[in-house]
Amino acid sequence: QVQLVESGGGLVQAGGSLRLSCAASGRTFSSYAMGWFRQAPGKERELVAAISWRGGSTYYPDSVKGRFTISRDNAKNTVYLQMNRLKPEDTAVYYCAAARAVTVVTILNHYDYWGQGTQVTVSS
């Protein structure tokens, strides 16, 4: 069992930056691939970044590539999402998720555990 708690969301102006953190419980955190998703009102939940269990591989969709960076610190049971050059269309609730896998996981239904989410609002 893994419990995930996100933090770091908030209100930021367009062009600004935020760093989200996701703290995981359990001693097996390093055995999980991790991902960050977001869901805007009226839209489906979408993947914005994913990382393999040791952090050697990452994935980003084109919508955030070059602006978002995912990283993890297995010693601290924490995964991060650094978001730069934020746009109003990045406004959403951001969720952290864990998958029982060693490689990058890009399919939503393959994630086993989810956090409660943190709101990110980007004003124009």
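Everything numeric in this text was worked out from a predicted model, so none of it was measured. The figures that follow rest on heavy atoms only: side chains count, while hydrogens, waters and symmetry mates do not.
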Check: Any chain of hydrophobic side-chain contacts (each under 4.5 Å) joining Trp36 to Val93?
Finding: no
Notebook entry, point to check: When you measure from the centre of the six-membered ring of Tyr95, is the NZ or CZ of Arg45 under 6.0 Å away and within 45° of the axis?
Noted result: yes
Check: So how far is it from Asn84 CG to Phe68 CZ, rounded to the nearest 0.5 Å?
Finding: 8.5 Å
Margin query: Do Tyr80 and Met83 sit in one hydrophobic cluster, given that two such residues count as connected whenever their side-chain heavy atoms are within less than 4.5 Å of each other, even indirectly?
Written below: no
Check: Quick check: does any side chain N or O of Ser30 sit under 3.5 Å from a backbone N or O of Asn74, one acting as donor and the other as acceptor?
Finding: no
Margin query: Using a 6.0 Å distance limit plus a 45 degree cone around the ring axis, check whether Arg72 lies over the aromatic ring of Phe29.
Written below: yes
Next item on the list: Could you grab the distance from atom SG of Cys22 to atom CG of Leu81, nearest 0.5 Å is fine?
Entry: 10.5 Å
Item checked: Side-chain heavy atoms of Leu108 within contact of Phe37, under 4.5 Å -> yes
Check: So, Glu6 side chain and Gly117 main chain: donor-acceptor pair closer than 3.5 Å or not?
Finding: yes
Margin query: Nearest 0.5 angstrom please: Ser31 OG to Arg54 CZ, how far?
Written below: 9.5 Å
Notebook entry, point to check: For residues Thr78 and Asp73, is any side-chain donor paired with an opposing acceptor at under 3.5 Å?
Noted result: no
Next item on the list: Please round to the nearest 0.5 Å and tell me the distance separating atom CE of Met34 and atom CG of Leu4.
Entry: 5.0 Å
Checklist line | Within 45° cone of Tyr32 ring axis and under 6.0 Å: Arg100 NZ or CZ | finding: no
Notebook entry, point to check: Side chains of Val120 and Asp90: closer than 4.5 Å at any heavy-atom pair?
Noted result: no
Margin query: I'd like to know if Asp62 and Lys65 make a salt bridge, using a cut-off of under 4.0 Å between side-chain N and carboxylate O.
Written below: yes
Check: For atom CD of Glu46, is the number of surrounding heavy atoms from other residues, nucleotides or ligands below 6.0 Å larger than 12?
Finding: yes
Margin query: What's the separation between atom OG in Ser25 and atom CD in Gln1, rounded to the nearest 0.5 Å?
Written below: 7.5 Å
Next item on the list: Return yes if some donor-acceptor pair links the side-chain N/O of Ser52 with the main-chain N/O of Ser57 below 3.5 Å, else return no.
Entry: yes
